[in-house]
Amino acid sequence: EYDSNVITICNIRDPTTSIVLSKQYTDTVGSRWRLNVYPKGNNTNQRYLSTYVELCDGIAGRYQYTVELLHDDVTRQVKFQSEDHFQVGEIRGYQKFIHVRRLLEEGYLSEDGSILIRLSIRPATLALRCQYQEEYQTLKEDKLRTQFNGQLNQLQSREKGLLDENASLQSLVYPEYASNIFVVRNFTALRQAQEDICSDNAYDDLGCCWRLIVYANGDKEGRDEWLSVYLRLLEGIPGSYEYCVELLHNDAAKTVKMEGTQSFDIQERFGWTRFARLDWICANGFVNEEHDALYFRFSLRPPNYKAKCEYQQLLRVEAKRECELLRRELIPAYSTMTYTLRNFSDMQRKDNFVYSDPLIDDLGFSWRLLIYPNGHSEGRGNHLTVYLVLFEGVSASRFEYRVELLHPGNPTANIKMEGVNVFKLKKIWGWPQFIHHERLQEEGYLDQATDTLELRLSMCPPDIKLKCSYQQEFIRKLKENQK
C-alpha cells in the first residue's frame, strides 16, 4: 500500500519565496520525504505551478509516487502518478503540474491562500519494500536516533504515568524490579576451562544497561569450590540500586537468592565470590542435565521512587545532550555573509550590475551574489535581480542556500529565498524578479538616508556525508593545481 500524507502548502496566492518546502515525513520503510513546490514555476516558466518529490534521507531505490491537488469537487482533483529511481537529495516531479490561472480561478485555493496536496509513496514492488526495510535497519544514524527517541518517549510516558497515578504511588514504598533471565549453557565445559560468561545486555525501565557475570568454577578465593556471580552497570545513570540474583530450581523452595543495595559507577561490578557451593549445586539438581545449563534471574531497581525520578531526569538530560551532539554532527552549519549594496539609485539609473564580496565557506568554496539594481532578463526595468554564483569549488555540488533581503527596521519582514540546488562553477542561479522596485521604496527595504540595501547569503551542504565528499574532492583539485 501507499504511504500517504496530506500536505498544506501556504502562501500560494501571494508567494514570498520562489520555492515552498513542506515538512518532512517518514514512510514505513524509514525514508524521509518532502514536497518542493514552486508557486510561480521552476526556472523561468511562471505560467505553471511546479511540484517535485524529494528523498531527503533513507534508502535510494525505485519508488512509485502520486501527487494529487485536492479540491472540494473530487472530479476536479489534479493527479499525477509516476515511477522513478531516487537517490538521496534528488527530486522528481512535474514542471507543469497545473496552470497558475486555473489554480487561482477554479477553487483550488482556500480562504487563506493555501492548497492541499496529497503525496503518496511506496517502493515499486513488495520485494523492494522488504529489501529497503532491511537496508534501513543497518543505518547507524537511524539506529542511534531511534534509540535516543525511544528512550525519551519511554521516560516521558513513564513520568506521565507516575504523575497520573500520584495518589496511589504515595502509598507505595518501592518501585517495581526490572527482571531478566540468563541461561548459562555448557556449564561443565565452562568449569573445566575455568572461564567466565556474561549475559547479553539487559535494559531496565530507566534505560540503564546491565550484565550478569558468572564464573562457573569460581573467582579468586572461591576458585574450584564456589560459583561466583557479579552484576555490572555498563551504561546509564550511576547511583544507588537494589539488586537481587537468583539461581533457579524446578522446586521454587530450593531457589538460591542473594540481595543487596550498592552504589554503582559505570563499568563497576558488585556481587558474591561465594554465591553457592559447586558440589551442592551439582548434587541438588540445579544443573539441567539435558542442556547442561544453569538458570539465573537478576532484578534491579532504584531504592525508592524519589531516586527513580531523579535518575529519570538525569537520563533525560543525558539523552537530550547526546541527541543534540548527534544533530550537530549530522547537519552542517551554514556559512553566512552580509553584503551592503551602496549607491543603489545611481546604479539603477545607469543600468549597471555588481558582484558582492566573496563568501568563503568552511569548505573553502567561494560564492558571490550577482546583483542587477535595475533588473535583468524578465525583471529588467522594474525589479531587483539577484543571482547566486559558485566561483571556486567543486562543480555540480549540491547545497542548501538562503538569500535574504534585510529590512532595516523590522527583521520579521526580511524577504527570504531558500532551497536546495546543484551548482556548477560560474553558472548563475537565482531570481530575475527578486523584488519589485515599488515595494523596495514603499515598504522601507531601501535605506533612503544612505541609499543602500542589505543582503545576507547563507550556504551549506545538505548533510555531513556530502560535506566530507566535497572537502576531499576540493583538496584533490588544489593539490593537482599546485603540481
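- Scored by the salt bridge (Lys or Arg N to Asp or Glu O under 4.0 Å) test, E268 finds no partners at all (sequence neighbours excluded).
- Partners of D346 under the salt bridge (Lys or Arg N to Asp or Glu O under 4.0 Å) rule, at least two apart in sequence or in another chain, are R349.
- Partners of E90 by salt bridge (Lys or Arg N to Asp or Glu O under 4.0 Å), not counting sequence neighbours, listed by chain and number: R92.
- Of the N and O atoms on the side chains of W429 and Y401, at least one donor lies less than 3.5 Å from an acceptor on the other residue.
- Using the six-membered ring where Trp is involved, F86 and Y63 have ring planes that are perpendicular, over 60° apart on the 30 and 60° scheme.
- By the side-chain hydrogen bond (donor to acceptor under 3.5 Å, both in side chains) test, S179 pairs with S299, sequence neighbours left out.
- Shown here are the side-chain hydrogen bond (donor to acceptor under 3.5 Å, both in side chains) partners of R76, two or more places apart in sequence or in another chain: E106.
- For Q348, the side-chain contact (heavy atoms from CB on, under 4.5 Å) test picks out F344, P373, N374, H437, with sequence neighbours left out.
- Taking the side-chain contact (heavy atoms from CB on, under 4.5 Å) definition, one finds that L104 meets it with V100, L109, sequence neighbours left out.
- A salt bridge links D351 with R380: the distance from a Lys NZ or Arg NE/NH1/NH2 to an Asp or Glu carboxylate oxygen falls below 4.0 Å.
- A salt bridge is absent between R211 and D200; no separation between the charged side-chain nitrogens and carboxylate oxygens falls under 4.0 Å.
- For the side-chain contact (heavy atoms from CB on, under 4.5 Å) test, no residue two or more places apart in sequence or in another chain qualifies with K320.
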Under 3.5 Å, which donor-acceptor pairs link side chains of residues 382-391 to any protein atom two or more places apart or in another chain?
from: T385; atom 1: OG1; to: H376; atom 2: N; distance (Å): 2.8
from: T385; atom 1: OG1; to: P432; atom 2: O; distance (Å): 2.5
from: Y387; atom 1: OH; to: H376; atom 2: ND1; distance (Å): 2.9

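- Using a cut-off of 4.0 Å between Lys/Arg side-chain N and Asp/Glu carboxylate O, K477 and E473 are scored as not salt-bridged.
- Listed by chain and number, the residues in a side-chain contact (heavy atoms from CB on, under 4.5 Å) with D112 are S110, S114 (sequence neighbours excluded).
- Residues passing the salt bridge (Lys or Arg N to Asp or Glu O under 4.0 Å) test with E83 are R62, sequence neighbours excluded.
- Classified by interplanar angle (parallel below 30°, tilted 30° to 60°, perpendicular above 60°), the ring pair F97/F80 is tilted.
- By the neighbour-count criterion of 12 heavy atoms within 6.0 Å, atom CD of Q267 is densely surrounded, having more than that number from other residues, nucleotides or ligands.
- With salt bridges taken as basic N to acidic carboxylate O contacts below 4.0 Å, one links D362 and K467.
- Legend: ring pair (Phe, Tyr, Trp, His ring centres under 6.0 Å) pairs involving residues 4-29, not counting sequence neighbours: none detected.
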